[in-house]
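Below: one structure, written as structure tokens.
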Amino acid sequence: MTSVKIFIPQDAAALSVGADEVAALVQTQAETHNLPIEIIRNGSRGMLWLEPLVEVETPNGRIAYGPVGCEDVPSLFEEKFWEKHDHPLCHGLTEEIPFFKKQERLTFARCGLTDPLSLTDYRAYDGFNGLENALKMSPADVCQTVRDSGLRGRGGAGFPTGIKWQTVLGAESDVKYICCNADEGDSGTFADRMIMEGDPFSLIEGMAIAGYAVGAQEGYIYLRSEYPHAHRMLEKAIQIAYDNNWLGDNIQGADFSFSLEVRKGAGAYICGEETSMLESMEGKRGLVRAKPPIPALSGFFGKPTVINNVLSLTTVPIILAKGAAYYESFGIGRSRGTQPFQLSGNVKQGGLIEKAFGLTLRELIYDYGQGTRSGRDVRTVQVGGPLGAYLGDNQFDLALGYEEMSEGGALLGHGGVVIFDDSVDMAQQARFAFEFCTIESCGKCTPCRIGAQRGLETMDRVIAGDNVATNLDLLEDLCELMKDGSLCAMGGLTPLPVESAIQNFPNDFYSKTDCRS
Amino acid sequence: MTRFTEWSDLFAEHLHQKFKDKKGALLPFLHDIQDALGHIPPAAIDHICDSLNLSKAEVDGVISFYHDFKKEHDGRFSIKVCRAEACQSSGSEELVSHIQKRLTQDGTDTEFHIEAVYCLGNCALSPSVMMKEKLYGRVTPKRFDHLLTLERTPHA
């Protein structure tokens with residue numbers, strides 16, 4: 001009898017709800033039932049409300065069970081879940097689950113399918129095809145291919161990746177660097193973590209391609225310290241890549257060498273800002289640098305440096321494997337390709353949805369998310385992290401694309417969508433936006449450092465019902481100043497959640513009992 | 001490999017050898033000390049200054065900038081509770097109140113303390129808590145009580 005293949009994710013989200021304990025129990029139950037099994041600890045499929053998601057391989061494909069708690073494991077075995085598929089937790093074929101079926105997985109094509117640390121799996125699912133193709137091309141052609149694909153910075157700024165690479169390629173220097181920004185600090189985002197844990201070789205491959213394309217031989221991944229599991233996975237994957245000559249000297253016999261190292265952050269949100277990240281990597285306080293010079297010309301230790309987000313770099317391999325035209329054929333307007341959206345907060349079906357740009361928030365919230373977990377009405381969503389706008393129902397038909405969102409007064413950011421039900425007090429959310437900025441501001445420029453503090457105090461007065469109209473006028477002025485005068489997006493965008501909350505939900509502010517008027 | 005649990009000449013030399021030729025070595029240097037000792041003692045700061053040729057102000061400035069580095073350690077066990085937006089939408093503030101009440105009631109606030117963090121990257125399974133680098137999702141007050149009991153049970 002051949003052994004039954006059972007997949008139980010080792011993604012941090014799955015582990016956070018007991019995947020390790022479930023895997024251990026599945027192993028002992030299988031022994032009790034004399035069932036030969038092989039447990040594969042894959043990445044997450046991204047259907048996080050079903051975690052821990054246990055899949056069993058059948059001739060027709062993998063069958064999904066979830067969320068599986070330890071208490072459910074004995075009944076799965078009693079009902080022979082590997083043969084019969086009528087257990088209450090059974091969802092049928094994983095890839096037929098509507099949440100998954102409708103997706104367009106390019107960047108996350110492998111995530112959840114494979115054992116993240118198996119090089120054999122990675123190769124079997126087209127891994128390193130992109131790097132192999134790149135090594136046969138000239139560096140300039142690789143940059144041009146990335147440019148033609150229309151890929152833009154997935155960290156949120158949306159700057160064309162190919163143009164950035166061409167700038168670094170054109171810079172004259174004996175030393176250049178590739179720095180991956182893995183300081184995924186925005187609340188509501190977890191795609192970087194998921195792919196670093198679920199398909200770490202794709203990041204290694206993307207960075208090696210970037211190194212070849214611009215003439216850099218050293219790469220660094222700046223990883224936030226809140227991700228210890230991703231750190232372990234990356235360290236293991238990097239070692240495997242070195243052992244198999246996908247990193248190191250003369251990669252696969254080519255005239256190209258590339259080294260890679262993980263640098264751990266130390267709990268500072270601002271270090272996700274690229275120049276602050278460079279300061280931190282150089283061993284300094286994470287103070288934002290004034291631009292120019294841009295990091296592409298003067299970055300890490302003053303050398304030309306490519307700084308890309310994890311998702312930009314993990315998307316590069318498929319572009320080189322399947323061509324710019326293939327990737328470019330997805331998307332709308334100037335937003336080409338796909339975006340891994342992350343649906344979270346008070347949502348019934350939270351998780352990762354990779355889809356071509358152009359779908360609407362309403363589709364994300366109701367088709368994929370199925371509304372709130374609490375069962376109450378959706379009141380608002382915050383899109384793009386703590387510096388993103390709070391949108392109301394009348395904006396849910398906005399198409400998700402860089403320009404489309406900014407025309408609607410919002411930003412796409414890193415693709416995080418956080419859902420709130422109707423119990424939310426928007427004045428408190430506006431207050432929190434300032435509070436967060438007081439905690440995380442690097443302090444270099446006054447509009448951000450002092451502005452956030454004054455904003456917080458003013459919001460406290462509004463919430464206390466103290467001269468509400470006057471204080472809201474004051475807040476408007478303050479927001480203008482922060483937008484115009486801040487050095488980076490921290491101070492420059494903190495007004496966005498505040499102003500959008502006031503504009504879209506005025507009753508939450510003006511209804512505060514005004515004890516003076 | 002030796003595991004260091006207190007500041008010593010041996011630990012100092014080990015760190016010096018490990019980091020003296022590394023680019024931008026200060027953060028990894030501090031992490032190694034923080035991980036081993038739970039804080040950065042004054043003697044370690046003097047050593048870093050010598051080893052990396054930095055001024056005390058530079059090293060102190062970096063320690064005070066980052067939330068992870070602490071100059072003192074009161075021995076209490078840190079319960080990191082995410083207080084960012086995605087967790088707020090799913091009851092993290094209620095969870096914080098519950099934990100505070102629970103620790104005060106039990107008199108265990110001498111052993112444990114709450115540390116606010118902003119995003120643990122587990123936003124779809126909020127609210128989230130991290131203890132000893134282990135992440136927990138869907139943490140209701142009831143589940144927290146259970147986790148705390150497990151944490152306090154001596155491991156075999």
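Here is the naming used below: chain letters follow the sequence lines, and residue numbers restart at 1 for every chain. Just so it is clear, the model here is predicted, and its values are computed rather than measured.
Checking B/S90 against A/N346 by side-chain atom types alone, no donor-acceptor pair falls below 3.5 Å. Between the side chains of A/Q428 and B/Q88, no donor-acceptor pair is found at a separation under 3.5 Å. Under 3.5 Å, the side chains of B/Y66 and A/S280 contain a donor-acceptor pair of N or O atoms. No hydrogens or angles considered: a donor-acceptor pair under 3.5 Å links the side chains of A/E440 and B/H67.
A distance of 7.0 Å separates CZ in A/R224 from CG in B/L120, rounded to the nearest 0.5 Å. Annotation: the span from A/Y227 atom OH to B/M130 atom CE amounts to 9.5 Å, rounded to 0.5 Å. The CD1 atom of A/I419 lies 8.5 Å from the OG atom of B/S89; values are rounded to the nearest 0.5 Å.
Contact between A/G286 and B/F65 at its shortest, heavy atoms only, is N-CE2, 3.2 Å. Here the closest non-hydrogen pair linking A/A13 and B/N122 is CB-OD1, 3.2 Å. Contact record, A/L50 with B/R138: N-NH2, 4.4 Å, taken as the closest heavy-atom pair.
For B/E58, no part lies near chain A; criterion is any non-hydrogen pair under 4.5 Å. Of the atoms belonging to B/K134, it is side-chain heavy atoms, and not backbone ones, that fall under 4.5 Å from chain A. Only the backbone of B/R83 comes within contact range of chain A, judged by heavy atoms closer than 4.5 Å.
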So A/Y269 and B/Y118, ring-ring contact (aromatic ring centres under 6.0 Å, His included) or not? Walk me through it. CA-CA 8 Å; A/Y269 174 77; B/Y118 297 91; 9.1 Å; no
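Of the charged side-chain nitrogens involved, none lies within less than 4.0 Å of a carboxylate oxygen, so that A/E282 and B/K23 do not count as a salt-bridged pair. Using a 4.0 Å cut-off between charged nitrogen and carboxylate oxygen, A/E261 and B/K22 count as a salt-bridge pair. Using a cut-off of 4.0 Å between Lys/Arg side-chain N and Asp/Glu carboxylate O, B/D35 and A/K264 are scored as salt-bridged.
A donor-acceptor pair under 3.5 Å is formed between the side chain of A/S187 and the backbone N or O of B/A86.
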